[in-house]
Amino acid sequence: MKTDVLTLDGNATMETYLLDRPYGPALLPMAVICPGGRYLDCSPTEGECVALRFNNRNCHAAVLHYATAKSAPGHSHFPRPLEDLAEAICLIRRNARDWGGDPDRIVIVGFSAGAHLCALYSSYWNRKLLQAKGSPRQLRPNAVILGYPLADEFMNRSDMQKKLQQEIDMERITGEKKAPTPPPRLLADRRDCGIRLLRPNR
């Protein structure tokens, strides 16, 4: 396995975990992981360990340390984290074949605030807001995995969450409606007391 740390615009970085190719020339999928951390920081418990689990499933991985209040004080407001994710996806897609990756199998994986970021990105990847980073074809994720995402329904429980909700009013920021979304997968854990699971009406 080869690891590297790539610097993106501003203070964002991306750690890559690229597998060697012992099984021949087959191109492998790539997972772009966005850790949680309430947009204050990127949690170390949702980064490298997740990347290594994807590696164990024969998948390249990268951990994106997007702009947060800690890493980019005063410069982490939306749409900055979306721009960081857009740049990461475009960089991976441009280099995918050189890295042994499949440019048409890029999945974004987020946890908590990182899942919220991935959910927003999956709805706005082809809007004018992000086109400075690449074309819609370069920007599009092929799938999205959301781990216990921060959901709008619960964002009115504190002053901080109300402020965050106003900050990420994407229709106000972009003046545009949502884009067609890639196939989503959701996961949550009943043991997580901070997340209430949604149950369908029976």
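Count residues from 1 along the sequence.
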To the nearest 0.5 Å, what is the distance between [atom1] ([X]) and [atom2] ([Y])?
| X | Y | atom1 | atom2 | result |
| --- | --- | --- | --- | --- |
| Gln131 | Trp125 | CD | CH2 | 10.0 Å |
| Glu48 | Thr3 | CD | OG1 | 8.5 Å |
| Leu19 | Arg57 | CG | CZ | 13.0 Å |
| Leu129 | Tyr124 | CG | OH | 9.5 Å |

For this session: List the steps and the verdict of side-chain contact (heavy atoms from CB on, under 4.5 Å) for Trp99 and Leu28.
Result: CA-CA 9 Å; Trp99 293 348; Leu28 302 179; over 6 Å; no

Exercise. Looking at Arg97 and Asp102, does any basic side-chain N land under 4.0 Å from a carboxylate oxygen?
Worked result: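 Result for this pair is no, no salt bridge flagged.
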
Donor-acceptor contact below 3.5 Å, side chain [X] vs main chain [Y]:
| X | Y | answer |
| --- | --- | --- |
| Glu46 | Gly36 | yes |
| Asp84 | Ala67 | yes |
| Asp41 | Gly37 | no |
| His60 | Asn55 | no |
| Ser76 | Pro73 | no |

Considering only heavy atoms from C-beta outward, does the side chain of [X] approach that of [Y] to under 4.5 Å?
| X | Y | result |
| --- | --- | --- |
| Phe54 | Ile33 | yes |
| Cys34 | Tyr66 | yes |
| Val144 | Cys118 | yes |
| Pro29 | Ile106 | no |
| Ile145 | Val107 | yes |
| Asp9 | Glu87 | yes |
| Tyr121 | Pro141 | yes |
| Val109 | Val32 | no |

For residues [X] and [Y], report the shortest heavy-atom separation together with the two atoms involved.
| X | Y | value |
| --- | --- | --- |
| Val63 | Ala51 | CG2-CB, 4.0 Å |
| Leu64 | Leu85 | CD2-CA, 3.6 Å |
| Pro35 | Gly47 | CG-CA, 4.4 Å |
| Leu117 | Tyr39 | N-OH, 3.3 Å |
| Arg80 | His75 | NH1-O, 3.0 Å |
| Lys133 | Leu139 | CB-CD2, 4.1 Å |

For this session: Go through the steps to decide whether Leu82 and Leu130 satisfy the test side-chain contact (heavy atoms from CB on, under 4.5 Å), and finish with yes or no.
Result: CA-CA 8 Å; Leu82 282 171; Leu130 299 174; 4.2 Å; yes

Problem set entry | Donor-acceptor pair between Asn142 and Arg93 side chains, under 3.5 angstrom |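 Per modelled atom types, Asn142 and Arg93 side chains form a pair under 3.5 Å.
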
Exercise. What residues, two or more places apart in sequence or in another chain, satisfy side-chain contact (heavy atoms from CB on, under 4.5 Å) together with Ala62?
Worked result: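 Once residues adjacent in sequence are excluded, the partners of Ala62 under the side-chain contact (heavy atoms from CB on, under 4.5 Å) criterion are Met14, Thr16, Met30, Ile92.
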
Problem set entry | Hydrophobic cluster membership, Leu27 vs Leu91, 4.5 Å side-chain cutoff | no

